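Worth knowing before you read on, the calculation uses all heavy atoms, side chains too, and leaves out hydrogens, waters and symmetry mates. This one's a predicted model, so the numbers in the text were calculated from it and none came from an experiment.
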Amino acid sequence: MTKQRQLKLGLVPTGVGGPGDSNRWLDPEIPVDASVNIDWYIDVVRQAEAAKFDLVFIVDSQFITANSPPHYLNRLEPLTVLSALATATSRIGLVGTLTTSYNDPFSVARRFASLDLISKGRAGWNVVTSGDAGTAGNFSQPEHFDYDTRYRRATEFLDVARGLWSSWEDGALVRDRATGQFLDADKLHRLDHKGEFFQVVGPLNIQRSPQGEPVIFQAGDSDQGRDLGANIADAIFTHAATIEQGQAFYADLKGRAARLGRDPDQIVILPGFSVFVGDTDEHGKEIERHYRSVDQSFEQALAEFGRPFGWHDFRQYDPDAPFPVEALEYAKSSFYTHAKIITDLAVDQGLTLRQAVERARAGRGSPFAGSAQTVANEIQRWFEGRALDGLNVHFGHPEQFRRFVGEVVPILQERGLFRTEYEAETLRGNLGLSVPQNRYEIEAARRDAA
């Protein structure tokens, strides 16, 4: 009998306010230091774990300007906060963002393997290549990598990390006090990698976890990003404004994976959304309109608008003049795909800068706003329509998250769409993903079969 497909839920906490939420920190229920307050993180993640969420997802970047969102200006480093959360929780997955552009594979592999052991198999790595071009200046580099270089480097980086995670075969650590044998040296392997970007000897000085290796997440909407995700990811973090957009991305990504010889069901698609729950549909939409209006002014949105364009300052232009298409040039080493979508829309519709900014703000509207019943119905429609395998819920205003877990999640559970208890102790187990085989054990099995 085929097991019923189950919805997955992730939590994305952005403390005092992420993109588009410049004024969220004014909410009296949110500590003004939430983004660096470990007690706040522990509280909200325990709420998610009590509701049987699959994971908490920590976003990150390493470059800021004075126009960055409040949470980005002052926040805890992902693996540090996740290590603390590992000791304060027992089942929820712990996913952190680290860039392949400004890190070293051995160090990252070791740090994530450590988190995986500390959490008993609940670690996940959101692999990014860094869209903020200014990051280069914080790592002694004269300029940011171009798109193609970033993605080639990321592919090799992941191959090295996974090779290092295979350093220890099962049974390599004998630890037999009776015989005095600690190690079976035949089951410990050097990597001896020599590639375009990295030369890594190995082996990694830490064993595999109960889930084999951390779950790999990836976020990227360009062709290079989608190819990378289809090639290396276990789960995809994305965005979709409509069910049709979600279905198109879902089909494209899983189709790319199938063409690469992968099982599409072993990739979980998890777009991120804000959710607004009211007493009625109109009340839920009114709550959304209220928070959209108070959480960011036009002036704040205009200042933040430049991020995908390499933090180009759009305040220098007349907001009521035609959209300055020349600004796209500044996005070449930044979030170019996002910036081009904005620019193409402005050109096609003859928008002014003001209209483009307002369209971008309106585009953040959630498809999941209404009564608890309506929100649950819409989530079910997207899920059954193969627009997603689950959703990453942005933790915005605390009362809204309470309503989601207290009113919407029980409806999804009653319909058999979402768990009432965790199925496994590891993140892979709860996401329905297979444990990766150690590459050296695969090679040994092939030799034995030859």
Could you report the tightest heavy-atom contact between Gln207 and Trp168, atom names first, then the distance? CA-CD1, 3.8 Å

Arg208 bridged to Asp116 by N-O distance under 4.0 Å: no

Over-ring placement of Arg152 relative to Phe197, 6.0 Å and 45° cut-offs: no

Strictly below 4.0 Å, N to O, side chains only: are Arg256 and Asp223 in salt-bridge contact? yes

Checking ring pair (Phe, Tyr, Trp, His ring centres under 6.0 Å) against Phe395, which of Tyr41, Trp40, Phe57 comes through? Trp40

Quick check with a 6.0 Å cut-off and a 45 degree axis cone: is Arg75 positioned over the face of Tyr72's six-membered ring? yes

Between Glu425 and Gly121, is there a donor-acceptor pair closer than 3.5 Å when you use the side chain of the first and the backbone of the second? no

Mind listing the closest non-hydrogen atom pair of Leu7 and Gly390 along with its distance? CD1-CA, 3.7 Å

Any side-chain heavy atom of Pro69 within less than 4.5 Å of one from Glu304? yes

For Asn430 and Glu423, indicate whether the former's side chain and the latter's backbone hold a donor-acceptor pair under 3.5 Å. yes

Counting the benzene-type ring for Trp, do His144 and Phe139 have ring centres under 6.0 Å apart? no

So with a 6.0 Å cut-off around NE2 of His338, is the heavy-atom count from everything else above 12? no

Is there a donor-acceptor contact under 3.5 Å linking the side chains of Gln296 and Ser22? yes

For the residue pair Ile58 and Pro13, establish whether any side-chain heavy-atom pair is separated by less than 4.5 Å. yes

Would you confirm whether Asp146, through its side chain, and Thr149, through its main-chain N or O, come within 3.5 Å as a donor-acceptor pair? yes

Side-chain donor/acceptor of Arg24 to backbone N/O of Asp21, under 3.5 Å: no

Check: Leu431 and Asp234 side chains under 4.5 Å, non-hydrogen atoms: no

Are the side chains of Ile342 and Pro308 in touch, meaning some heavy atoms are under 4.5 Å apart? yes

Do Asn103 side-chain atoms and Thr99 backbone N/O form a donor-acceptor pair below 3.5 Å? yes

Can you confirm whether or not the ring centre of Phe53 sits under 6.0 Å from the ring centre of Phe401? yes

If we ignore hydrogens and angles and just use 3.5 Å, is the side chain of Asp184 paired with the main-chain N or O of Val174 as donor and acceptor? no

Expected output: side-chain Glu213 to main-chain Ser209 donor-acceptor under 3.5 Å: no

Given side chains that start at C-beta, do those of Gln224 and Thr129 come closer than 4.5 Å, heavy atoms only? no

Could you go through the side-chain hydrogen bond (donor to acceptor under 3.5 Å, both in side chains) check for Ser101 and Ser130 one step at a time? CA-CA 7 Å; Ser101 295; Ser130 292; 4.7 Å; no

Report yes if the side chains of Lys8 and Arg419 come closer than 4.5 Å at any heavy-atom pair, otherwise no. yes

Only distances under 3.5 Å count here; give the side-chain donor-acceptor pairs of residues 80-87 to other protein atoms, sequence neighbours excluded, each with its distance to 0.1 Å.
residue: Thr80; atom: OG1; partner: Glu77; partner atom: OE1; Å: 2.6
residue: Ser83; atom: OG; partner: Leu79; partner atom: O; Å: 2.8
residue: Thr87; atom: OG1; partner: Ala84; partner atom: O; Å: 2.9

If we ignore hydrogens and angles and just use 3.5 Å, is the side chain of Arg162 paired with the main-chain N or O of Ile232 as donor and acceptor? yes

Measuring only between side-chain heavy atoms, which start at C-beta, is Val201 closer than 4.5 Å to Arg190? yes

Listing request: all salt bridge (Lys or Arg N to Asp or Glu O under 4.0 Å) pairs with a residue in residues 400-417, at least two apart in sequence or in separate chains. Glu29-Arg402, Asp279-Arg403, Arg403-Glu407

Salt-bridged, Arg5 to Asp265, with N to O below 4.0 Å? no

Can you tell whether the side chains of Glu282 and Arg289 come within less than 4.0 Å, N to carboxylate O? yes

Given side chains that start at C-beta, do those of Pro367 and Ile243 come closer than 4.5 Å, heavy atoms only? no

Under a 3.5 Å distance rule, please check whether Glu288 uses its side chain to pair with a backbone N or O of Ser366 as donor and acceptor. yes

